Amino acid sequence: VMGIDMEGQIVQSNKLCMDIFEKKSVVILGADRREALSEEINLMIDNIVECGSGFKFISIEGKCFRVKGVMMKHHDGQEGIILTFDEECEGK
């Protein structure tokens, strides 16, 4: 699970996401998504901002993940994007 605020800062990450993305010696928590994530994931995030949700199969570090995302809009004004990464690409 990864949380990204509307300014593009990665504000939440579970251990799986840290393990996936920090292999490149990049600390993702607090990083700008445009610098820490691939172009493919950033394009997906842009689409989620426009459409509200989406999913895509993406290869990361030689593993295939089903990446799902959704916009989060809270009544107190907090907005952001939540991504989940499921390692499940059998037959994809």
Side-chain angles (χ1 to χ4, degrees):
V1 177
M2 180 181 291
I4 303 165
D5 70 15
M6 294 309 293
E7 287 76 41
Q9 183 178 24
I10 300 171
V11 294
Q12 193 277 334
S13 178
N14 67 356
K15 184 176 178 343
L16 174 65
C17 283
M18 287 184 180
D19 289 346
I20 294 169
F21 293 102
E22 292 186 354
K23 287 182 179 177
K24 301 175 189 175
S25 299
V26 174
V27 176
I28 61 168
L29 202 54
D32 186 293
R33 70 163 171 105
R34 293 161 199 88
E35 296 173 8
L37 304 176
S38 70
E39 181 178 354
E40 185 175 24
I41 295 173
N42 278 299
L43 289 172
M44 180 185 172
I45 292 168
D46 293 340
N47 187 54
I48 291 166
V49 171
E50 281 187 36
C51 300
S53 65
F55 82 93
K56 186 171 185 156
F57 291 98
I58 297 176
S59 180
I60 304 168
E61 295 292 322
K63 295 182 180 178
C64 188
F65 293 88
R66 181 176 190 214
V67 182
K68 296 184 282 185
V70 65
M71 279 290 300
M72 180 182 71
K73 292 187 179 185
H74 196 269
H75 62 83
D76 66 1
Q78 293 183 26
E79 295 183 332
I81 299 106
I82 302 295
L83 298 178
T84 60
F85 294 77
D86 297 316
E87 191 175 352
E88 62 156 81
C89 293
E90 291 294 319
K92 304 292 180 233

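In what follows, residues are counted from 1 in the order of the sequence shown. Here the structure is a predicted model, which means the values were calculated and not measured.
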Phe55 vs Thr84, side chain to side chain contact (heavy atoms under 4.5 Å, CB included): CA-CA, chis, key distance, verdict:
CA-CA 9 Å; Phe55 82 93; Thr84 60; over 6 Å; no
Please test Met6 against Lys73 for side chain to side chain contact (heavy atoms under 4.5 Å, CB included), starting from the C-alpha separation and ending with a verdict.
CA-CA 10 Å; Met6 294 309 293; Lys73 292 187 179 185; over 6 Å; no
Can you list the steps and then say if Ile41 with Phe65 is a side chain to side chain contact (heavy atoms under 4.5 Å, CB included)?
CA-CA 11 Å; Ile41 295 173; Phe65 293 88; over 6 Å; no
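Take Glu40 and apply the salt bridge (Lys or Arg N to Asp or Glu O under 4.0 Å) test, not counting sequence neighbours, and it matches Lys56.
One finds the CD1 atom of Ile60 at 9.5 Å from the CD atom of Glu87 (value rounded to the nearest 0.5 Å). The structure places CG of Leu16 at 8.5 Å from CZ of Phe85, a figure rounded to the nearest 0.5 Å. Separation of atoms CD1 (Ile58) and SG (Cys64) is listed at 9.0 Å; rounding is to 0.5 Å. Between the CD atom of Glu79 and the CD atom of Glu7 there is a distance of 9.5 Å, given to the nearest 0.5 Å.
In this structure, Met2 is not a member of the same hydrophobic cluster as Val70, with clusters built from ILVMFWY side-chain heavy atoms closer than 4.5 Å.
A salt bridge does not link Asp46 to Arg34: none of the charged side-chain nitrogens sits closer than 4.0 Å to a carboxylate oxygen.
Nearest heavy atoms, Asp5 versus Ile81: O-CD1, 4.5 Å. Residues Ser13 and Ile28 approach most closely at OG-CD1, 3.4 Å, considering heavy atoms. Shortest non-hydrogen contact noted between Ala36 and Ile10 is CB-CD1, 4.1 Å. Taking all atoms of both residues into account, the shortest heavy-atom contact from Gly30 to Gln9 is O-NE2, 3.3 Å.
The backbone N or O of Cys17 sits less than 3.5 Å from a side-chain atom of Asn14, completing a donor-acceptor pair.
Each of Val11, Leu37, Ile82 was checked for a side chain to side chain contact (heavy atoms under 4.5 Å, CB included) with Ile4, and the lone residue meeting it is Leu37.
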